[in-house]
Amino acid sequence: WEIVDCRLALALDDFAAQLATHDVTQVIHFSVYRPPVVTWPEGKIASRHPGALAIDAGTFVKRDGTRLEVERDFHGRIGATTCTGSGPHPATPEALELRRIVCDAADARLFNVALTPDYNWPHRNHFHLEVTAGVGWFVVH
């Protein structure tokens with residue numbers, strides 16, 4: 001179900017330019033669009049995945065074939081701050097680069113929401129990157 005809202009497409013285009021500075025040429029994701037639940041109110045505009053406004057990025061592939069896999073390489077801790085604080089444990093080059101990728105996107109305010117393995121167990125294997133329409137706030141965790 002590869003449906004993407006135009007606002008997410010624009011954010012991903014800017015993200016691709018940032019990823020190029022890390023020599024990333026491919027992002028393997030788990031999902032973008034997911035249909036709303038059957039109990040979704042009739043006529044209400046969907047957000048997050050049901051609104052095609054979020055992507056769950058799990059692996060970043062570099063030009064040389066190196067794979068930065070969020071689940072294997074991020075080395076986070078639930079409750080830790082992602083872009084400030086003590087950093088990954090262990091602080092491998094892969095963990096530091098994954099952190100730089102998500103924090104560069106946060107610094108550029110490409111996505112209103114960036115959830116990492118530091119957020120909770122369901123996000124242990126991906127970055128949830130979301131555009132939230134009509135708001136001026138940003139969340140990184």
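- In this structure E94 satisfies the salt bridge (Lys or Arg N to Asp or Glu O under 4.0 Å) test with no other residue, sequence neighbours excluded.
- A salt bridge links D23 and R63; the closest N-O separation between the charged side-chain nitrogens and carboxylate oxygens is under 4.0 Å.
- For residues 91-110, there are no ring-ring contact (aromatic ring centres under 6.0 Å, His included) pairs, not counting sequence neighbours.
- Looking at residues two or more places apart in sequence or on another chain, you find a side-chain hydrogen bond (donor to acceptor under 3.5 Å, both in side chains) between T116 and T82.
- Using cut-offs of 30° and 60° for the angle between ring planes, the H126 and H123 rings count as tilted.
- Remark: E69 engages R67, R72 in a salt bridge (Lys or Arg N to Asp or Glu O under 4.0 Å) (not counting sequence neighbours).
- Pairs passing the disulfide bond (SG atoms under 2.5 Å apart) check and including a residue from residues 15-77, sequence neighbours excluded, do not occur.
- Other members of the cluster containing W121 are I78, with ILVMFWY side chains joined at under 4.5 Å, either directly or via other members.
- A search for salt bridge (Lys or Arg N to Asp or Glu O under 4.0 Å) contacts involving D73 returns nothing, not counting sequence neighbours.
- Pairs engaging residues 7-17 under the side chain to side chain donor-acceptor pair (under 3.5 Å) rule: D5-R7 [sequence neighbours left out].
- The number of heavy atoms from other shown groups lying within 6.0 Å of CZ (F15) is above 12.
- Applying the disulfide bond (SG atoms under 2.5 Å apart) rule to pairs touching residues 105-141 yields nothing, sequence neighbours excluded.
- Cluster partners of V61, using a side-chain heavy-atom cutoff of under 4.5 Å among ILVMFWY residues and allowing indirect links, are I28.
- Environment of CZ in R124: crowded, with over 12 heavy atoms of neighbouring residues, nucleotides or ligands closer than 6.0 Å.
- Here ring-ring contact (aromatic ring centres under 6.0 Å, His included) pairs that include residues 52-94, with residues two or more places apart or in two chains, are F60-F127, F74-F127.
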Determine all donor-acceptor pairs shorter than 3.5 Å in which one atom belongs to a side chain in residues 100-113; sequence neighbours excluded.
{"unit_1": "R100", "atom_1": "NE", "unit_2": "D104", "atom_2": "OD1", "d": "2.7"}
{"unit_1": "R100", "atom_1": "NH2", "unit_2": "D104", "atom_2": "OD1", "d": "3.1"}
{"unit_1": "D104", "atom_1": "OD2", "unit_2": "H22", "atom_2": "NE2", "d": "3.4"}
{"unit_1": "N112", "atom_1": "OD1", "unit_2": "T132", "atom_2": "N", "d": "2.9"}
{"unit_1": "N112", "atom_1": "ND2", "unit_2": "W137", "atom_2": "O", "d": "3.0"}

